[in-house]
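Computed from a predicted structure; not experimentally measured. As a basis for the values below, the full set of heavy atoms in this structure was taken, side chains included, without hydrogen atoms, waters or symmetry mates. One-based numbering along the sequence shown.
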Amino acid sequence: MKINNKNFFICSVLKVKRKTLSSFYKQNFRNKFLLIKKNWKWLYRTNFKKKIYPLVMFKDNKIIGHSGHMPFELLINKKKYLSSWFVDFKIIPKFQNYGYGSYLAEEWIKKVQIGFAFCNNKSLKVFKKNKWNLYKNFFLFFLFSNPFNYFKLTRLFPNKIIYVLNNFFLFFFKKVNKFKKQKIIFHNLNYKNLKLINSTKDKHFFKWRVLKSPNLKNYKIISLEDKKFFFLLKIDKKKKLKYLEILLSSEIIDNDYLRNFILNLHSWSHKKNYCYIKILLKKKVVNKINIFTSFKKKLNFVFFLKNNLIKGNFKKEILNFQLIDSDFEFLGS
């Protein structure tokens, strides 16, 4: 696709004036504006060794489109592939449905071998038009620990009533979901323990994504008392609503153990007055852990392979992506 227009061009965000970029982010990414304004170089990993930068689309000297990069190296069968998450994709409403989105997507993939994205239904049309592959087996998995902290109607109730309702829910939850009770143990947040969580992530990834994160103070490394597996947890507190996100777990954890861990974390989070727990899981894992009273949200996951780069069914090679990947952590509750 070629758009013939002398006043139209695409460039790296590094070439855009900070004031111009900030104004665009404020108007188009309101939920993430403060994060992007202060941390866009970190979020888009602009110091990545391969020099892959987010793109901005201009028309008549005004930004009309944006596509963010979160680059990383994906290891498959002992070979590294230059990959990236396609995030913060936006064409302003006035210029939608004219081919600008498809053109921007085409430019975005030129720098990488493999592209990944979790997208809404509107963006999905653009990805399909550019021959990205759709994979529907990822879910956001939610488990309430104090559900009556969440529902707006119960905010009219006295705190004592909410407390009683939440405890009644916990009693019911424990009756229908049997588990082996264990203590939640906290560990030092450092690279050594991060590597114990997941061996597929390298030192450069952990240094960027965790140890230099603007949310570092909210991260905790935890385990059950048997210390068989470690987990990276994030504690969120928004508008007096507290919730937990399991950002990262082991790539070799079995479903029974994961289920028991989530149930024990649920018990702990109830005592600490957290509202719910969130984790990203594949469909088959959600079905096997089978926790009653939980609910799931199906996601659109798309990927692009340059020139049939990897032979065979790549869907079988897709790793167990988690909340630490892409930009889930920064999308709010």
Student: What's the verdict on side-chain hydrogen bond (donor to acceptor under 3.5 Å, both in side chains) for Asn120 and Ser123, showing C-alpha distance, side-chain angles and the deciding distance?
Tutor: CA-CA 6 Å; Asn120 57 35; Ser123 297; 3.1 Å; yes

Student: Would you give the length of the straight line joining atom NZ of Lys201 to atom OH of Tyr191, rounded to the nearest 0.5 angstrom?
Tutor: 12.5 Å

Student: Going by an N to O cut-off under 4.0 Å, is there a salt bridge joining Glu73 and Lys80?
Tutor: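 Between Lys80 and Glu73 there is a salt bridge, with a charged N closer than 4.0 Å to a carboxylate O.
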
Student: Between the main-chain N or O of Asn190 and the side-chain N or O of Asn188, is there a donor-acceptor pair closer than 3.5 Å?
Tutor: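 Side chain of Asn188 to backbone of Asn190: no pair is present.
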
Student: Run Phe169 and His270 through ring pair (Phe, Tyr, Trp, His ring centres under 6.0 Å) and show every step you take.
Tutor: CA-CA 10 Å; Phe169 169 80; His270 172 80; 8.1 Å; no

Student: Please lay out, stage by stage, how Asn218 and Asp236 fare under the test side-chain hydrogen bond (donor to acceptor under 3.5 Å, both in side chains).
Tutor: CA-CA 7 Å; Asn218 298 321; Asp236 287 275; 5.9 Å; no

Student: Side chain of Ser145, backbone of Tyr274: donor and acceptor closer than 3.5 Å?
Tutor: yes

Student: Determine the minimum heavy-atom distance between Ser250 and Phe229, stating which atoms define it.
Tutor: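 Smallest interatomic distance, heavy atoms only, reads CB-CD2, 3.5 Å.
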
Student: Considering non-hydrogen atoms only, spot the tightest contact between Ile262 and Ile277 and give its length.
Tutor: O-CD1, 4.2 Å

Student: In terms of heavy-atom contacts, does CZ of Phe171 have more than 12 from other residues, nucleotides or ligands at under 6.0 Å?
Tutor: no

Student: Any chance you could measure Lys212, atom NZ, to Arg45, atom CZ, to the nearest 0.5 Å?
Tutor: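 Atom-to-atom, Lys212:NZ and Arg45:CZ are 11.0 Å apart.
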
Student: Taking atom NZ of Lys111 as the centre, report whether more than 12 heavy atoms of other residues, nucleotides or ligands fall under 6.0 Å from it.
Tutor: no

Student: For His66, which of Tyr44, Trp40, Trp108, Tyr53 qualifies under ring pair (Phe, Tyr, Trp, His ring centres under 6.0 Å)?
Tutor: Tyr44

Student: According to the interplanar angle, ranging from 0 to 90°, do the rings of Tyr103 and Phe8 count as parallel (below 30°), tilted (30 to 60°) or perpendicular (above 60°)?
Tutor: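 Taking Phe8 first and then Tyr103, their aromatic rings stand perpendicular (interplane angle over 60°).
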
Student: Which label fits Phe127 and Phe89: parallel for a plane angle under 30°, tilted from 30 to 60°, or perpendicular past 60°?
Tutor: tilted

Student: State whether the side chain of Lys195 and the backbone N or O of Phe206 hold a donor-acceptor pair below 3.5 Å, judged by distance alone.
Tutor: no

Student: Please identify which of these residues, Tyr243, Phe173, Phe295, meets the side chain to side chain contact (heavy atoms under 4.5 Å, CB included) condition with Phe144.
Tutor: Phe295

